[in-house]
Amino acid sequence: MKDYKDFSILRYNTFGMDVKASRFIEYASVSELKSLLKSVDQPFLHIGGGSNLLFLSDYNGTILHSAIKGFEVVSQTDEYVDIKVGAGEIWDDFVAYTVSCGWYGAENLSIIPGEVGASAVQNIGAYGVEAKDIVLKVHTLSVSDSSERIFANHECGYSYRYSKFKGEYKGKYIVTYVTYRLSRKPCFHLSYGNISSELESRSLPLTLDNVRSVIIDVRRSKLPEPSELGNAGSFFMNPVVPMEKFNELQSLYPDIPNYQVGEDAVKIPAGWMIDRCGWKGRSIGRAGVYHKQALVLVNLGGADGREIMNLATEVINSVKDKFGVEIHPEVNYIY
Ligand code: EPU
């Protein structure tokens, strides 16, 4: 177990905020976590790779981080393989491993920043696939009495970028391992965006490796590398509006992109609306809207959390004024 006082969390947040936590503890096993929970001051903040956090100041409290590692195949048939993965593994190390083994299901989620534990909490998603599509079980420890509890996929309350671990279970359970079920039979998800046309234009046969490399190229062409420009991926979630509101918007903006998500509900890309408000490539002080993707806010160098938050507030207000739609941060503000 590692236990530090006045610890800089620069390496633990992809926005590149150079802030300190009064105490930072990293544990490497379930038994270390159990003993830690007996003595640690509450409330604490449990972080993953820090790819969805915006620190607004130094953190006056304790931060916990998992270094529980390991990949273990726990069951397999001709059809599928179940693999139990430590919450502290880097998400993309897991994806790379599944692709190297020839297992299908995680490849569209290549190079999403963050760690395995957070994948199951945030229900990360990209290119038509979400973590919930491959999560079988989420292994946790209860914060109140250190008992172990395993949640089956259907008990996690998954929806777009949401699980109960962000809602009613927030602060109550710590994810220790996640078991994923991957297919051993070919099964690709290519309907979203330009993935299949990219494969065709490069004359690449349909293989797991090729899908992974196309996804990596497409992401890199749109999204900034946190090591070069601090950011947290999509800063905002895509809002869902009632059909009536969508029809009204479509008559004003016939080219509005949209995805129907239910009988009477339509998801609209926040990035498109922010772009139409003229924000792409603009900045306020050291906080900017990324010039290739308006959904991403960036730290242009030395910004503090308040500058990013102020920019986000301006963006939210202009989208509300122009389109009458509320957009909400996907990123969590930490005070
Ligand atoms: N668009 C613009 N201008 C922009 C950005 C987008 O006009 O500046 C338009 C695009 O042309 C497209 C539409 O908006 O018609 C949607 O854009 P895109 O395909 O880039 O996807 P997104 O809705 O912006 C979502 C996820 C991403 C994920 C991609 C690909 C959310 C909030 N974001 O973005 O997730 O990688 O789809 O699946 O759902 C993340 O969560 O950090 C993340 C990057």
Side-chain angles (χ1 to χ4, degrees), residues 13-15 48-54 91-92 95 106-115 118-119 121-133 158-163 166 189-198 211-212 214-226 229-241 246 249-250 253-261 266-283 288-298 308 312 315-316 318-319 322-323 325-332:
N13 74 102
T14 58
F15 251 121
S51 56
N52 224 6
L53 301 177
L54 180 65
W91 169 258
D92 194 56
V95 178
E107 62 282 358
N108 286 25
L109 305 176
S110 289
I111 65 160
I112 293 184
E115 295 172 1
S119 75
V121 173
Q122 306 284 354
N123 187 22
I124 59 173
Y127 306 106
V129 173
E130 292 177 296
K132 74 169 175 56
D133 302 329
Y158 283 128
S159 60
Y160 170 62
R161 297 293 195 274
Y162 182 81
S163 75
K166 291 177 81 173
H189 296 89
L190 302 171
S191 54
Y192 187 98
N194 52 351
I195 303 306
S196 40
S197 56
E198 280 289 321
V211 171
R212 175 167 163 81
V214 163
I215 300 262
I216 290 176
D217 289 351
V218 171
R219 269 189 86 91
R220 289 212 169 118
S221 70
K222 281 191 184 177
L223 300 170
E225 275 293 310
L229 205 54
N231 75 91
S234 301
F235 195 93
F236 303 98
M237 289 187 279
N238 288 332
V240 173
V241 301
F246 173 71
L249 287 170
Q250 199 178 32
Y253 308 97
D255 63 335
I256 187 168
N258 58 89
Y259 321 97
Q260 187 149 358
V261 289
V266 179
K267 193 187 275 181
I268 304 173
W272 181 87
M273 290 191 284
I274 299 166
D275 193 355
R276 288 301 175 282
C277 290
W279 278 106
K280 206 182 209 168
R282 275 177 61 195
S283 55
V289 177
Y290 190 50
H291 66 286
K292 292 188 205 165
Q293 164 59 287
L295 195 55
V296 177
L297 302 190
V298 291
I308 305 280
V315 166
I316 290 168
S318 15
V319 169
K322 187 172 171 71
F323 295 99
V325 174
E326 297 255 5
I327 57 169
H328 298 280
E330 181 184 337
V331 168
N332 297 304

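Numbering of ligands and ligand atoms starts at 1, following listing order. Side chains are part of it too, since the values below use all heavy atoms of this structure and drop only hydrogens, waters and symmetry mates.
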(request) Sequence neighbours left out, what passes side-chain hydrogen bond (donor to acceptor under 3.5 Å, both in side chains) with Lys267? Give chain and number order. (result)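 Per chain and number, Lys267 pairs via side-chain hydrogen bond (donor to acceptor under 3.5 Å, both in side chains) with no residue.
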
(request) Select one of side chain, backbone, both or neither to describe which atoms of Phe236 lie under 4.0 Å from any atom of ligand 1, heavy atoms only. (result)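 Contact part for Phe236 vs ligand 1: backbone (N, CA, C, O).
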
(message) Checking contacts here: is it the side chain or the backbone of Ile124 that comes within 4.0 Å of ligand 1, counting heavy atoms only? Could be both or neither.
(response)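 It is neither part, as no heavy atom is under 4.0 Å.
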
List ligand 1 atoms under 4.0 Å from [X], heavy atoms only on the residue side.
X	result
Arg161	26 (C), 27 (C), 31 (C), 33 (N), 35 (O), 39 (O), 40 (C), 41 (O), 43 (C)
Gly233	42 (O)
Pro257	15 (O)
Ala126	36 (O), 38 (O)
Lys280	3 (N), 4 (C), 8 (O)
Leu295	22 (P), 24 (O), 32 (C), 33 (N), 34 (O)
Leu223	44 (C)
Glu330	32 (C), 41 (O)

Quick one: does any side-chain atom of [X] pair with a main-chain N or O of [Y] as donor and acceptor, under 3.5 Å?
X	Y	value
Asn123	Ala131	yes
Lys322	Met273	no
Asp217	Val214	no

Give me the residue, atom name and distance of the protein heavy atom closest to [atom].
atom	value
atom 36 (O) of ligand 1	Arg219 NH1, 3.5 Å
atom 3 (N) of ligand 1	Asp275 OD2, 2.8 Å
atom 18 (P) of ligand 1	Lys222 NZ, 3.8 Å
atom 23 (O) of ligand 1	Asn238 ND2, 2.8 Å
atom 5 (C) of ligand 1	Gln293 OE1, 2.7 Å
atom 29 (C) of ligand 1	Tyr192 OH, 4.1 Å
atom 14 (O) of ligand 1	Pro269 CB, 3.4 Å
atom 7 (O) of ligand 1	Trp272 CD1, 3.3 Å

Is any side-chain heavy atom of [X] less than 4.5 Å from a side-chain heavy atom of [Y]?
X	Y	value
Leu297	Leu54	no
Arg219	Tyr127	yes
Trp279	Val319	no
Glu330	Leu295	no
Lys292	Lys222	no
Phe235	Val289	no

(message) Under 4.0 Å from atom 12 (C) of ligand 1, is there at least one protein heavy atom?
(response)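 Given the 4.0 Å cut-off, atom 12 (C) of ligand 1 does not count as touching protein heavy atoms.
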
(request) Look at atom 33 (N) of ligand 1 and find which of Ala270, Ser234, Ala294 reaches it with the closest heavy atom. (result)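 The option holding the nearest heavy atom is Ser234.
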
(request) Specify the closest pair of heavy atoms between Gly49 and Thr14, including all atoms of both residues, with the distance to one decimal. (result)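 Scanning both residues completely, I find the closest heavy atoms to be O-CG2, 4.2 Å.
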
(request) Check Glu107 against Val95 and note the closest heavy-atom contact, atom names and distance. (result)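 Smallest interatomic distance, heavy atoms only, reads CA-CG1, 4.1 Å.
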
(request) Report yes or no: does Tyr259 have a heavy atom closer than 4.0 Å to ligand 1? (result)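 It does, in that a heavy atom of Tyr259 comes within the 4.0 Å cut-off of ligand 1.
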
(message) Is Tyr160 close enough to touch ligand 1? Criterion: a residue heavy atom under 4.0 Å from a ligand atom.
(response)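 Judged by the 4.0 Å heavy-atom criterion, Tyr160 does count as contacting ligand 1.
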
(request) Kindly confirm or rule out an N or O of Gly128 lying under 3.5 angstrom from an N or O of ligand 1. (result)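 Gly128 vs ligand 1: no N/O contact under 3.5 Å.
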
(message) For the 3.5 Å polar cut-off, considering only N or O atoms, please tell me whether Lys292 and ligand 1 meet it.
(response)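 In this structure, Lys292 places no N or O atom under 3.5 Å from an N or O of ligand 1.
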
(request) Would you please classify the geometry between the Trp272 ring and the Phe323 ring as parallel, tilted or perpendicular, with 30° and 60° separating the classes? (result)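 Correct class here is tilted.
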
(message) Going by side-chain contact (heavy atoms from CB on, under 4.5 Å), name the residues that satisfy it together with Pro224, two or more places apart in sequence or in a different chain.
(response)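 Once residues adjacent in sequence are excluded, the partners of Pro224 under the side-chain contact (heavy atoms from CB on, under 4.5 Å) criterion are Leu229, Asn231, Tyr290, Val296, Val298.
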
